[in-house]
Amino acid sequence: MPTRVLFVCLGNICRSPLAEGIFGRIAAERGLDVEIDSAGTGDWHVGRPCDPRSHKVGTARGCRMDMIGRQFEPADFDRFDYIVAMDRMNLRDLQRMRGAKREKVHLMRSFDRTAESDEVPDPYTGTATDFDDVAAMLEKACAGLADEIKGKGR
Ligand code: 4NP
């Protein structure tokens, strides 16, 4: 059975699609049996492609970036094994939902033991450098998450 991983941010156009793309590349490199998706807590960008700045940094890092935005829905608590939030607001929004399976919800950077902060900051109103920084954070945290899943032998 594949391990099912869902990355969640606010808009599902900047951070969580990039996490999905990077984790997908790492999982393929390591031969992990996973199913991967991403979603936003908000609905503003449902049906839209990811932000061109995330598309650019993701493809430069060898990732597929052809995902389409969708909103998180309560059934995702049943569909996924790991629900991975980018920041504390995403974590709180998920944990407050009716029917939340809190034990499945993690902060992305909790999988990076070297991280100086537990949040992946929102780059939406930021610069190209902010998107590069986010990608570097996600590379480390996704590698840690891959280690964890591999360690569980799934
Ligand atoms: P994301 O960034 O949560 O990393 O996708 C954002 C994208 C859009 C908005 C906020 C954050 N927005 O307010 O539209």
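Just follow the structure's listing: the first ligand is 1, and inside any ligand the first atom is 1. Counting begins at 1 with the first residue of the sequence.
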Could you tell me the residue and atom name of the protein heavy atom closest to [atom], and the distance to it rounded to 0.1 Å?
| atom | value |
| --- | --- |
| atom 1 (P) of ligand 1 | C9 SG, 3.5 Å |
| atom 12 (N) of ligand 1 | Y124 CE2, 3.6 Å |
| atom 4 (O) of ligand 1 | R15 NE, 2.7 Å |
| atom 11 (C) of ligand 1 | D122 OD2, 3.1 Å |

(Q) Does atom CD (E73) have a neighbourhood of more than 12 heavy atoms from anything else shown, all under 6.0 Å? (A)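 Yes, because the 6.0 Å sphere around CD of E73 holds more than 12 heavy atoms from other groups.
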Q. Would you call the rings of F111 and Y82 parallel, tilted or perpendicular if under 30° counts as parallel and over 60° as perpendicular?
A.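 Correct class here is perpendicular.
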**Q.** ring pair (Phe, Tyr, Trp, His ring centres under 6.0 Å) contacts in which one or both residues fall within residues 18-76, not counting sequence neighbours
**A.**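 Residue pairs passing ring pair (Phe, Tyr, Trp, His ring centres under 6.0 Å), neighbours aside: F7-F23, F72-F77.
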Q. Is a donor on one side and an acceptor on the other found under 3.5 Å between the side chain of R109 and the backbone of E119?
A.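 Judged by distance alone, yes, a pair lies under 3.5 Å.
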Among side-chain atoms of [X] and [Y], is any donor-acceptor pair under 3.5 angstrom?
| X | Y | result |
| --- | --- | --- |
| D130 | T127 | yes |
| D87 | N90 | yes |
| N12 | S38 | yes |

Considering the heavy atoms of [X], write down every atom of ligand 1 situated less than 4.0 Å from one of them.
| X | result |
| --- | --- |
| L10 | 3 (O), 10 (C), 11 (C) |
| I13 | 5 (O), 7 (C), 8 (C) |
| C14 | 1 (P), 2 (O), 4 (O), 5 (O) |

(Q) Heavy-atom distances under 4.0 Å decide this one: backbone, side chain, both or neither, for N12 against ligand 1? (A)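 Just the backbone.
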Q: Determine, considering heavy atoms only, which of F131, W44, F7 sits nearest to atom 13 (O) of ligand 1.
A: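 It is W44 that holds the nearest heavy atom.
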Q | Check: H45 N/O within less than 3.5 Å of ligand 1 N/O | A | yes
